[in-house]
Number of protein chains: 2
Amino acid sequence: MDYPVFAVTVDLVVLTVRDGGLHVLLVRRGLEPHLDRWALPGGFVHADEELAAAARRELAEETGLAEPGGHLEQLASYGAPDRDPRGRVVTIAYLALVPDLPIPTAGTDAAEAEWRPVGALGLAFDHDRILADGVERARSKLEYTPLAAAFCPPEFTIAALRQVYEAVWGESLDPRNFHRKATTTPGFVSPTGGTTEGEPGRPAQLFRRGDATLLNPPILRRAHGA
Amino acid sequence: MDYPVFAVTVDLVVLTVRDGGLHVLLVRRGLEPHLDRWALPGGFVHADEELAAAARRELAEETGLAEPGGHLEQLASYGAPDRDPRGRVVTIAYLALVPDLPIPTAGTDAAEAEWRPVGALGLAFDHDRILADGVERARSKLEYTPLAAAFCPPEFTIAALRQVYEAVWGESLDPRNFHRKATTTPGFVSPTGGTTEGEPGRPAQLFRRGDATLLNPPILRRAHGA
DNA sequence: AGCGGTTATCGTCAGTATGACGTGAAATGG
DNA sequence: CCATTTCACGTCATACTGACGATAACCGCT
């Protein structure tokens, strides 16, 4: 039996929350095809490498960080026959949610790297579609899982957590109701005992991630049709 | 630049509901490796073929049906370096939810095909893991989407729909509360006007799928830890 | 026809979750 | 010291859910 040969890449949708908005990590391509265009970070999977390991490796190479308390999961695979002019390339996209990082350092095959607000960006390949899928995945995961905390540093306030929801969903939430929901949902967050200092207003309690993997009951956004 | 070469396959987790239980379509392998062992149906992606098209083709080949009103979606990709002794093979798994079909016909490279209750089956390759992921995906999709109807014929009763939930979740639901929920959730089901005939008990109204793609509010199962 | 069994459908009611919003607490910066 | 800011907690009406009673409309049997 014989069969067609493929190249396999991983691409990363790395999301973070900066100044109240959802941002994605992009790199400017330093190689053909799509030279100089913006794209998601990614690269070829090595000959004897796990897919998830390849994703972690690319993440570390592009950001200079080895998983800073964030979250990494497989998103989906894309393999349209004409998606890459070099030949038949299937890419496994991964979704990473990370705290706001100092600034990404340019990697090996990327001339530059930077955070860009998500939206209609004209990215290389089919990366606009992959990004849209990643954003939608993040939006719905916030409803049913405690993953919002992956966008926060190890210790955070309820207000910071709420701002994550507001940035990712693009809607504002009532601070008092959100506080009640976050603190009473079992396993979502647990208090560290510390408080903020030096901020304007009353000091806020600090929390860390709880041990739940699923929020029950979930935190539902308003009807988001289709 | 050079890069490693891969083979790419699609594997299918085809689920249906039969006599009150969730069943998966398995084939007995007619080729090495894992000759004669049970496995998920699947095969190599052709040189110029979309991934989803390959999944549909394999589904048609294995079951003799071209999407009988069911549902097909990408599940996840699996690419451990040693998952296939023939070499580096990445598989894109697809999840199909279909109505109870007469009986699958054996395909080209499968000696036999049959429905088996899901559970701890000792499948070839990493197919136990893929199956488990598919079942979990189906369980959670029933909560937030109207996909339960994909397991039913075009017209069905509320009781049939409830039995889908009971089979997939493995728990029993109150018929009266489920009836209220299914009929009042906007876009879930719409009445055809017809009723069942010849069945024991009071005749039931017939429904077809509504036009919603998301259930709001969702139908949540009881706390399913982890 | 009449009757018991079966299933569908509708209704009630208490407990819980949610959204809207009022109010005091505890800090900061003039 | 006072105005401002943000946190934290409380109240209340409404909606949703789960438990379960009651009735409707068919079956098969005698």
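Throughout, protein chains are lettered first and strands after them, A, B, ... in sequence-line order, and every chain is numbered starting at 1.
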Before giving the answer on side chain to side chain contact (heavy atoms under 4.5 Å, CB included), spell out for B:Leu161 and B:Phe188 the whole-Å C-alpha distance, their side-chain angles and the decisive distance to 0.1 Å.
CA-CA 11 Å; B:Leu161 196 61; B:Phe188 191 12; 3.7 Å; yes
Show your reasoning for whether salt bridge (charged side-chain N to carboxylate O under 4.0 Å, His left out) applies to A:Asp133 and A:Arg137.
CA-CA 6 Å; A:Asp133 290 349; A:Arg137 170 81 64 94; over 6 Å; no
Kindly indicate, with the supporting measurements, whether the criterion side chain to side chain contact (heavy atoms under 4.5 Å, CB included) is fulfilled by A:Thr213 and A:Thr145.
CA-CA 6 Å; A:Thr213 57; A:Thr145 71; over 6 Å; no
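Sorted by residue number, the members of residues 193-210 of chain B with any non-hydrogen atom under 4.0 Å from DNA chain D read B:Glu199, B:Gly201, B:Arg202, B:Pro203.
Across all their heavy atoms, B:Pro186 and B:Ala212 have their closest contact at O-CB, 3.8 Å. B:Thr183 approaches B:Phe207 most closely through the heavy-atom pair CG2-CZ, 4.1 Å.
Residues satisfying the side chain to side chain donor-acceptor pair (under 3.5 Å) test with A:Glu143, not counting sequence neighbours, are A:Arg221. Listed by chain and residue number, B:Ser77 satisfy the side chain to side chain donor-acceptor pair (under 3.5 Å) test with A:Ser77 (two or more places apart in sequence, or in another chain). With sequence neighbours excluded, the residues satisfying ring pair (Phe, Tyr, Trp, His ring centres under 6.0 Å) with A:Phe178 are A:Tyr165.
Ring-centre distance between B:Tyr144 and A:Tyr144: below the 6.0 Å cut-off.
Taking atom CG of residue B:Leu173 and atom P of nucleotide C:dT7, one finds them 17 Å apart after rounding to whole Å. Between A:Leu161 atom CG and D:dC7 atom C1' the separation is 15 Å, expressed in whole Å. A straight line from CD of A:Gln163 to C1' of D:dC7 spans 13 Å, rounded to a whole angstrom. Rounding to whole angstrom units, CZ of residue A:Phe178 and P of D:dT6 are separated by 17 Å. The separation between A:Asp174 atom CG and C:dG19 atom P is 9 Å, rounded to whole Å. In this entry the distance linking CZ of A:Arg222 with P of C:dT18 reads 12 Å, nearest Å.
Side-chain N or O atoms of A:Arg37 include one that pairs as donor or acceptor with a backbone N or O of A:Leu123 at under 3.5 Å.
Using a 4.5 Å heavy-atom cutoff, the side chains of A:Leu12 and A:Leu40 are not in contact.
Dashed line: the shortest gap from a side-chain N or O of B:His179 to OP1 or OP2 of C:dT9 is under 4.0 Å.
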Between protein and nucleic acid, restricted to nucleotides 10-17 of chain D and to nitrogen or oxygen atoms under 3.5 Å apart, what atom pairs and distances do you find?
from: D:dT17; atom 1: OP1; to: B:Lys181; atom 2: NZ; distance (Å): 3.1

Map every base of DNA chain C to its dot-bracket character, where paired means a Watson-Crick or G-U wobble contact with both distances under 3.5 Å and | marks a partner outside the strand.
||||||||||||||||||||||||||||||
